[in-house]
Structure formats: C-alpha cells, structure tokens
Amino acid sequence: MISIKSLYYHYPKSSMVLNDISANFERGNIYGLFGKNGEGKSTLLKIMSGLLYAKSGEYTVDHKSGLHRNARTLQRLFLVPEDFELSAVTIATYQKINGRFYPNFSKKQFYDLIAEFKLAPQHHIARLSFGQKKKVLIAFGIATNTPILLMDEPTNGLDIPSKSQFRKIMASIADENKCIIISTHQVRDLHSLINHILVLDEAKVVFDASLAKVSTEFWFGKPKSTEDSIIYTEAGFGGKSILPRGNKEETEVDLELLFSAVLTQNTVINTILKTNDHD
Ligand code: ADP
C-alpha cells in the first residue's frame with residue numbers, strides 16, 4: 001500500500017535525518033515506528049503526510065507518488081501530529097469545520113469516541129488540557145476513516161488509564177483495509193497493539209519485522225541453562241533475556257527488551273532474521 005524507497009531528508013543546515021530509508025507498509029497492519037527522541041520519526045511521518053518534501057527518493061501510496069501534495073493522497077490519510085494547535089472553538093464546531101474534508105468522516109463515531117474519552121461536543125477546545133486536546137485529535141483522526149492513519153507519539157500527554165483506553169480503541173478500529181502507523185519512543189505504550197515493528201536509529205531503519213517473525217525467531221525470558229546463547233540481557237529487566245528461539249516454546253515478545261536489544265545488537269538480530277528468512 002505504501003512504499004518508501006531510498007528516501008533522504010535533512011533540515012536546512014542539519015545533518016541527514018533520514019538517510020536512505022526504505023520500507024513497505026501494508027493494509028491490515030498496525031506498525032510501531034520506534035526510535036529514541038530525535039531519530040527522525042516525526043520527520044518521516046511528516047513526509048508521508050505531505051508536510052515536508054523529501055530531498056530525494058520515492059514514496060508511493062497505492063503505486064501513485066505521494067511526494068506531491070495531491071488531494072487524492074491527502075484525503076486517504078490522516079496524521080495525528082505530536083504538537084498541534086487546535087482552533088479555539090467547541091468540539092462540535094471543530095468536527096463541522098474539519099470533517100467535511102474527509103469523504104468517510106463519521107460524526108457518530110467521532111461523538112462516540114469523544115464520549116468514551118469523557119468529553120462532550122459543547123466543550124470548548126481552548127479550555128481543555130493538552131491530554132484532552134490530544135484525545136479530540138485522536139478521536140477525529142479515527143473518525144475520518146482514512147485508509148492510512150498516522151499517529152505521532154499519540155500517547156504523549158495521556159495518563160496511564162488513558163493509554164490503555166487508547167490501546168483498546170485502536171485495537172477495535174483496526175481492520176484489513178486500514179494501515180495504521182504509530183510512532184513512539186515509549187515502546188511499552190504500544191504493547192499488545194502492534195503487529196509489526198520498525199526501528200529508526202541514526203537516520204537509518206535498523207529493524208523491520210513482523211511480531212510473528214520475532215516470535216518465531218526469538219525467545220524472551222530468563223534462561224535456565226548457562227549454555228544458552230544470550231543475544232541480549234539487561235539487569236533492569238530482572239535477568240530477562242533474548243535468545244534465538246531454536247526449539248523452545250513460543251514466548252510473548254517483550255517490546256522494551258527487543259527495542260533495547262535492537263539499539264545495541266542489531267547486527268546479530270538482523271543476521272538471525274535474514275538467515276531464517278524463507279519468505
Ligand atoms: P523524532 O520524531 O524521532 O523525535 P524528529 O523527526 O522530530 O525526531 O527530529 C529528527 C531530527 O531532526 C532531530 O535531530 C531534530 O532536532 C531535527 N529537527 C526536527 N525538526 C527540525 C526543524 N524544524 N529544523 C531543524 N532540525 C529539526
């Protein structure tokens with residue numbers, strides 16, 4: 001659905017922020033776009049949503065170039081940005097003004113989500129907290145029903161109950177026609193939600209694999225035998241480690257551990273993925 005090939009980007013006078021980025025995003029998936037702060041996640045999402053122009057490279061949505069801000073591509077995607085300014089109007093007016101730009105916008109779905117977030121149409125956006133404003137935007141983004149939904153650090157500013165509410169809502173709206181990409185530097189916020197992981201580090205994609213593939217190739221837990229070949233372990237995780245799965249039973253993927261491992265051991269991890277890649 002979305003194809004990115006050899007994309008390069010840097011801001012004026014800055015070093016390369018995206019250096020030869022390639023990735024594919026398919027319908028029916030929720031992608032976690034991981035990376036530490038400042039690794040280019042927002043920049044990539046801004047390029048995908050037409051807010052920034054790549055210096056070079058290809059970006060296509062359903063085989064049509066997405067690098068130019070054409071209305072057809074823009075109507076097919078919605079970006080919930082990390083930082084935003086919302087007009088100083090009521091939630092009701094906000095949806096009236098903005099909903100009409102999206103052919104599949106559902107007022108009912110928007111108001112249902114607003115109610116789920118304990119907000120009401122008559123609430124004045126200017127008087128809401130940052131987290132509440134974010135909820136308005138998340139609800140609006142979902143209600144646009146665009147086939148591509150991009151969310152940049154959507155859980156920033158949400159309290160812990162709201163984060164789990166966010167995960168539940170996102171899981172409930174996912175379907176085989178939607179491609180959802182969510183960036184975060186707090187990987188645990190997307191636990192049990194995503195089914196594909198991409199990690200950006202030092203301007204490159206250093207990891208790109210489905211969770212199913214990760215479960216097939218790696219084992220997460222406390223190794224019983226000292227003979228086991230540990231790929232990554234961290235004291236902070238209580239001895240929990242990542243090992244090649246071999247013949248061991250399947251374990252739940254620990255996203256935080258995987259993320260830390262990818263940042264320090266990505267050559268080992270990618271070698272295992274590639275060696276066993278028979279797809
Ligand atoms: P992330 O979303 O992963 O935190 P960003 O895409 O926001 O990262 O930023 C990537 C890099 O680009 C950072 O080094 C950041 O300082 C720099 N950057 C972001 N926006 C601008 C800008 N408008 N002008 C110059 N540099 C920028």
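All ligand and atom numbering here is 1-based and tracks the order in the structure.
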Q: Are Phe101 and Phe78 near enough that their ring centres are under 6.0 Å apart?
A: no
Q: What do we get for His185 next to ligand 1 when only non-hydrogen atoms under 4.0 Å count, side chain, backbone, both or neither?
A: neither
Q: Among all the protein's non-hydrogen atoms, which is closest to atom 14 (O) of ligand 1, and how far away is it?
A: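 Scanning the protein heavy atoms, the shortest distance from atom 14 (O) of ligand 1 goes to Gly38 O, 3.7 Å.
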Q: Considering non-hydrogen atoms of the protein only, which is the closest contact for atom 27 (C) of ligand 1, and what is the distance?
A: Tyr11 CD1, 3.3 Å
Q: Test side-chain hydrogen bond (donor to acceptor under 3.5 Å, both in side chains) on Thr43 and Tyr11 and set out the steps.
A: CA-CA 9 Å; Thr43 304; Tyr11 291 95; 2.7 Å; yes
Q: Give a yes/no on ligand 1: does Lys13 have at least one heavy atom closer than 4.0 angstrom to it?
A: no
Q: So, the side chain of Lys178 versus the backbone of Leu149: is there a donor-acceptor pair under 3.5 Å, distance only?
A: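 No, the answer is negative, given that no donor and acceptor are paired below the 3.5 Å cut-off.
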Q: At a 4.0 Å threshold, what atoms of ligand 1 neighbour a non-hydrogen atom of Lys41?
A: 1 (P), 2 (O), 3 (O), 4 (O), 6 (O), 8 (O)
Q: Are any non-hydrogen protein atoms located under 4.0 Å from atom 3 (O) of ligand 1?
A: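 Flag for atom 3 (O) of ligand 1 set to true, protein heavy atom closer than 4.0 Å.
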Q: Ring centres of Phe207 and Phe259 under 6.0 Å apart?
A: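 Distance test on ring centres: not under 6.0 Å, no.
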Q: How far is atom 8 (O) of ligand 1 from its nearest protein heavy atom, and which residue and atom is that?
A: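 Going by distance alone, atom 8 (O) of ligand 1 is nearest to Gly40 N, 3.1 Å.
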Q: Any atoms of ligand 1 less than 4.0 Å from a non-hydrogen atom of Ser42? List them with their elements.
A: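 It comes down to these atoms of ligand 1: 1 (P), 2 (O), 6 (O), 7 (O).
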Q: Measure the OH-OG1 distance between Tyr102 and Thr144 for me, rounded to the nearest 0.5 Å.
A: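 Rounded to the nearest 0.5 Å, the OH-OG1 separation comes to 6.5 Å.
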Q: Students should be able to answer this: which protein heavy-atom is nearest to atom 9 (O) of ligand 1, and at what distance?
A: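 That would be Thr43 OG1, 3.9 Å.
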Q: Protein non-hydrogen atoms only, distance under 4.0 Å: does atom 21 (C) of ligand 1 have such a neighbour?
A: yes
Q: Could you walk me through whether Asp112 and Lys108 pass salt bridge (charged side-chain N to carboxylate O under 4.0 Å, His left out), step by step?
A: CA-CA 6 Å; Asp112 286 350; Lys108 179 183 179 319; 2.6 Å; yes
Q: Has the side chain of Ser183 got a donor or acceptor atom that lies under 3.5 Å from a matching backbone atom of Glu153?
A: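 Looks like yes, one N/O pair under 3.5 Å.
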Q: Counting from 1, what ligand 1 atoms have a heavy atom of Glu39 closer than 4.0 Å?
A: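 Within the 4.0 Å cut-off of Glu39, ligand 1 contributes 1 (P), 3 (O), 8 (O).
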Q: For ligand 1, note which part of Ser14 has a heavy atom under 4.0 Å away: side chain, backbone, both or neither.
A: neither
